[in-house]
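Written below as structure tokens is the structure these notes are about.
It should be emphasised that the depicted structure is a prediction, and the values quoted were computed from it without experimental measurement. In the text below, chain A, chain B and the rest are named by the order of the sequence lines, each starting its count at 1. Values below: all heavy atoms of this structure, side chains included; hydrogens, waters and symmetry mates excluded.
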2 protein chains.
Amino acid sequence: MFISFDFQSDAPIYVQLRNKIIEGIASKQLNPGDPLPSVRNLAKDLGVNMHTINKAYQLLKTDGFIQIHRQRGVVINPDGFPEVTTDFLEKVEEELRPLIAEAICRGMSQEDIRRLCDNLYHQVKEEGAEE
Amino acid sequence: MFISFDFQSDAPIYVQLRNKIIEGIASKQLNPGDPLPSVRNLAKDLGVNMHTINKAYQLLKTDGFIQIHRQRGVVINPDGFPEVTTDFLEKVEEELRPLIAEAICRGMSQEDIRRLCDNLYHQVKEEGAEE
DNA sequence: TTAACTGTTCTATAATAAATATAACAAATA
DNA sequence: TATTTGTTATATTTATTATAGAACAGTTAA
């Protein structure tokens with residue numbers, strides 16, 4: 001598995017896991033229809049509690065990134081992924097605005113910020129190419 | 001004051017306050033040398049505890065956005081603001097990567113993301129112009 | 001059928017972070 | 001002198017996070 005946690009981070013484990021799986025989808029390491037480990041197996045592999053995994057899966061299910069079939073297991077949503085909702089845009093703005101404000105204070109230009117985003121964009125997209 | 005809190009947000013009050021002040025600096029509503037209210041007065045105005053304000057001020061002081069003179073009060077740093085440090089870049093990447101990954105999953109192009117950042121950039125910069 | 005495994009739900013507990021509440025101190029000012 | 005400043009200390013309450021163990025209902029494999 002390509003998943004590990006940063007226990008120094010202030011982000012909760014279940015949020016980190018949710019994000020790692022979304023990054024996996026964005027980089028096409030995880031594709032529609034791909035199976036994910038059961039909550040119990042993944043918990044064992046990663047050395048965390050079953051409920052922590054389940055919490056992350058519930059978030060992903062609610063947002064439409066994965067499907068959970070009663071006893072067949074967990075799969076990356078085969079029917080495609082959610083659109084750009086207003087909820088998502090609001091979340092992005094709430095988290096991005098402080099970062100951009102601080103970047104401005106520290107003297108970054110619009111070009112600097114654009115470059116930073118572009119770099120991250122490609123970094124995420126081409127994560128499956130390395131290794 | 002231009003400060004209010006979103007009690008629905010999962011961001012702690014002292015973090016929200018820190019960010020609002022940084023946004024104030026970025027939009028030039030707050031300029032080098034400008035005084036900030038005392039911890040007690042601001043706490044009273046905003047209806048929160050003194051220690052919550054103090055926590056935000058300490059963060060801003062540590063990062064170099066404000067100066068705190070023993071009994072003269074709190075001022076926006078008159079000697080300029082901190083550079084783009086590696087700590088800051090690491091924080092940006094840690095918070096921005098999941099947002100960009102999710103944006104990609106939801107079908108946003110590099111151009112879409114760039115536009116979103118540009119919009120926020122101007123929105124922050126021209127916050128002082130309205131009203 | 002039996003046994004093992006699935007997601008789901010429930011109750012409980014421990015650890016940590018966030019916010020509040022008082023109180024006190026030392027330095028500066030009005 | 002009296003007030004205000006930032007700072008520090010202790011204490012309490014609340015919410016979140018993570019863990020623990022157990023049970024249930026449906027599915028699959030032996």
From C-beta outward on B:His51, which listed nucleotide comes closest to its side chain: C:dA23, C:dT8, D:dT19?
C:dA23
With the 4.5 Å side-chain cut-off for hydrophobic clustering, are A:Leu89 and A:Ile22 part of the same group?
no
In whole angstrom, give the distance that lies between atom CZ of B:Arg18 and atom C1' of C:dA19.
19 Å
Out of D:dT7, C:dT6, C:dT8, minimum distance to the side chain of B:Met50 belongs to D:dT7
When you measure from the side chain of B:Val74, which nucleotide among D:dG6, D:dT19, C:dG7 comes out closest?
D:dG6
When you group the ILVMFWY residues by side-chain heavy-atom contacts below 4.5 Å and let the links chain together, are A:Ile53 and A:Ile66 in the same group?
yes
Round to a whole Å and report the spacing from CG of A:Leu42 to C1' of C:dG7.
14 Å
Contact class for B:Gln58 vs. all strands (heavy atom < 4.0 Å): base, sugar-phosphate, or nothing?
sugar-phosphate
Respond yes when some side-chain nitrogen or oxygen of B:Lys55 is under 4.0 Å from OP1 or OP2 of D:dG6, and no when none is.
no
Do B:Phe81 and B:Leu30 land in one hydrophobic cluster if side-chain heavy atoms of ILVMFWY residues count as linked below 4.5 Å?
yes
Distance check needed: C:dT6 C1' versus A:Gln67 CD, whole Å only.
16 Å
Atom CG of A:Asn54 to atom C1' of D:dA20: distance rounded to whole Å?
15 Å
Quick check for you: among D:dT17, C:dA19, D:dT5, whose closest atom lies nearest to any side-chain atom of B:Thr52?
C:dA19
Rounded to the Å, how far apart are B:Asn49 CG and D:dT14 P?
15 Å
Identify, between B:Ile13 and A:Tyr57, the residue whose nearest nucleotide on DNA chain C lies closer to the 5' end.
A:Tyr57
If you take atom types as modelled and just measure distance, does the side chain of B:Arg40 reach the base of D:dT7 with a donor-acceptor pair under 3.5 Å?
yes
Taken to the nearest whole Å, CD1/A:Ile53 to P/C:dT6 is 13 Å
Would you kindly give the OH-to-C1' distance between B:Tyr14 and C:dT20, to the nearest whole Å?
15 Å
Do NZ/NE/NH1/NH2 and the carboxylate oxygens of B:Arg106 and B:Glu102 come within less than 4.0 Å?
yes
Report whether A:Val74 and A:Leu60 are members of the same hydrophobic cluster (ILVMFWY, side-chain heavy atoms less than 4.5 Å apart, transitive linking).
yes
Integer-rounded Å distance: C:dC5 C1' and A:Lys44 NZ
13 Å
